[in-house]
Amino acid sequence: MSITLHNGPAQTASSLAARSFVLGYGVLAYLTFFGTFLYAVGFTAQLVVPKTINSGATSSTGQALMIDLALMSLFAIQHSGMARQGFKKLFAAFASPALERSTYVLLASLSLILLFWQWRPITSIVWEIGTPMAYAAVAGSFAGWLIVLYSTFLISHFELFGLTQVVSHFAGRLTEPMKFRTPGLYRLIRHPIYLGFIIAFWSTPTMTFGHMLFATVTTAYIFVGIWLEERDLITLFGDQYRHYREKVAMLIPGLF
Ligand SMILES: C[S@@+](CC[C@H](N)C(=O)[O-])C[C@H]1O[C@@H](n2cnc3c(N)ncnc32)[C@H](O)[C@@H]1O
């Protein structure tokens with residue numbers, strides 16, 4: 001639900017220009033996210049895109065390890081830091097809150113683009129699966145990406161990526177804070193988006209050391225992200241989230 005702001009009949013040209021800027025910025029951020037998402041599929045599955053997790057400039061294993069860990073750390077710091085309520089309050093003191101989610105999405109996408117561009121491959125093989133199981137592994141990875149995308153729609157895709165906020169701002173309405181939702185997969189597990197990522201990153205017919213480093217660090221980061229996110233969700237939704245956490249598994253129904 002949204003609330004209409006009473007701007008009066010004489011909306012000035014400058015306020016229209018400001019609202020158009022916010023809208024354009026949000027659309028640009030969304031398109032950057034969507035392009036980055038599609039590239040991420042190709043990057044990890046090594047399909048279609050020019051630079052993948054197993055290609056690009058080669059360096060010594062030690063150097064590659066340091067560069068890749070630095071790139072993943074940069075993403076983690078940006079992604080987790082800006083997602084916290086404290087940062088959101090700080091942002092609102094300096095800029096329109098309508099821009100907050102889009103800025104978060106834009107900077108997360110840019111740090112991922114940097115990672116894709118500068119990622120150093122480490123191509124020693126950890127496992128290699130022959131056909132027909134190789135096809136199953138590729139299908140598993142695509143299933144993971146589909147779970148991610150589908151789940152974003154379950155909890156409000158366009159709000160998650162900032163478009164709802166900038167469209168509401170353009171229309172002169174205040175958007176209400178994001179609601180707590182538990183449709184579909186969210187009735188089975190609390191974090192289907194993160195589960196989708198884990199499946200997408202680990203399900204591969206050829207696991208190189210570099211790919212395994214990426215999958216291991218991102219999986220560990222997801223567990224830290226869950227801990228931080230659930231702390232915020234309890235602050236925001238209190239007992240509603242506590243009861244949900246008691247009843248619904250984190251990632252695997254019936255296990256944990
Ligand atoms: C990248 S999404 C990941 C959501 C969830 N952890 C998952 O893996 O499906 C992170 C955002 O979703 C929000 N969120 C998490 N669970 C939610 C729910 N059940 N309903 C609405 N928003 C949720 C968090 O507050 C956060 O802003």
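Indexing begins at 1, ligand by ligand and atom by atom, following the structure's order.
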- prompt: Does the side chain of T235 pick up a donor-acceptor pair with the side chain of Y241 at under 3.5 Å?
  reply: no
message: Testing the 3.5 Å rule here: is there a donor-acceptor pair between the side chains of Q118 and R120?
response: yes
message: Is the distance from the ring center of H157 to that of Y30 below 6.0 Å?
response: yes
message: Would you say the rings of F180 and Y244 are close, in the sense that their centroids are separated by under 6.0 Å?
response: yes
query: Can you list the residues that meet the side-chain hydrogen bond (donor to acceptor under 3.5 Å, both in side chains) rule with T61, with sequence neighbours excluded?
result: none
query: Do the ring planes of F161 and F33 sit parallel (below 30°), tilted (30 to 60°) or perpendicular (above 60°)?
result: parallel
Can you list every pair where an N/O of ligand 1 is under 3.5 Å from an N/O on the protein?
residue, atom, partner, partner atom, Å
ligand 1, 6 (N), H191, ND1, 2.6
ligand 1, 6 (N), E229, OE2, 2.6
ligand 1, 8 (O), H191, O, 3.4
ligand 1, 8 (O), I193, N, 3.3
ligand 1, 8 (O), Y194, N, 3.0
ligand 1, 9 (O), Y186, OH, 2.5
ligand 1, 9 (O), P192, N, 3.4
ligand 1, 9 (O), I193, N, 3.0
ligand 1, 19 (N), R181, O, 2.7
ligand 1, 20 (N), R181, N, 2.9
ligand 1, 20 (N), R181, O, 3.2

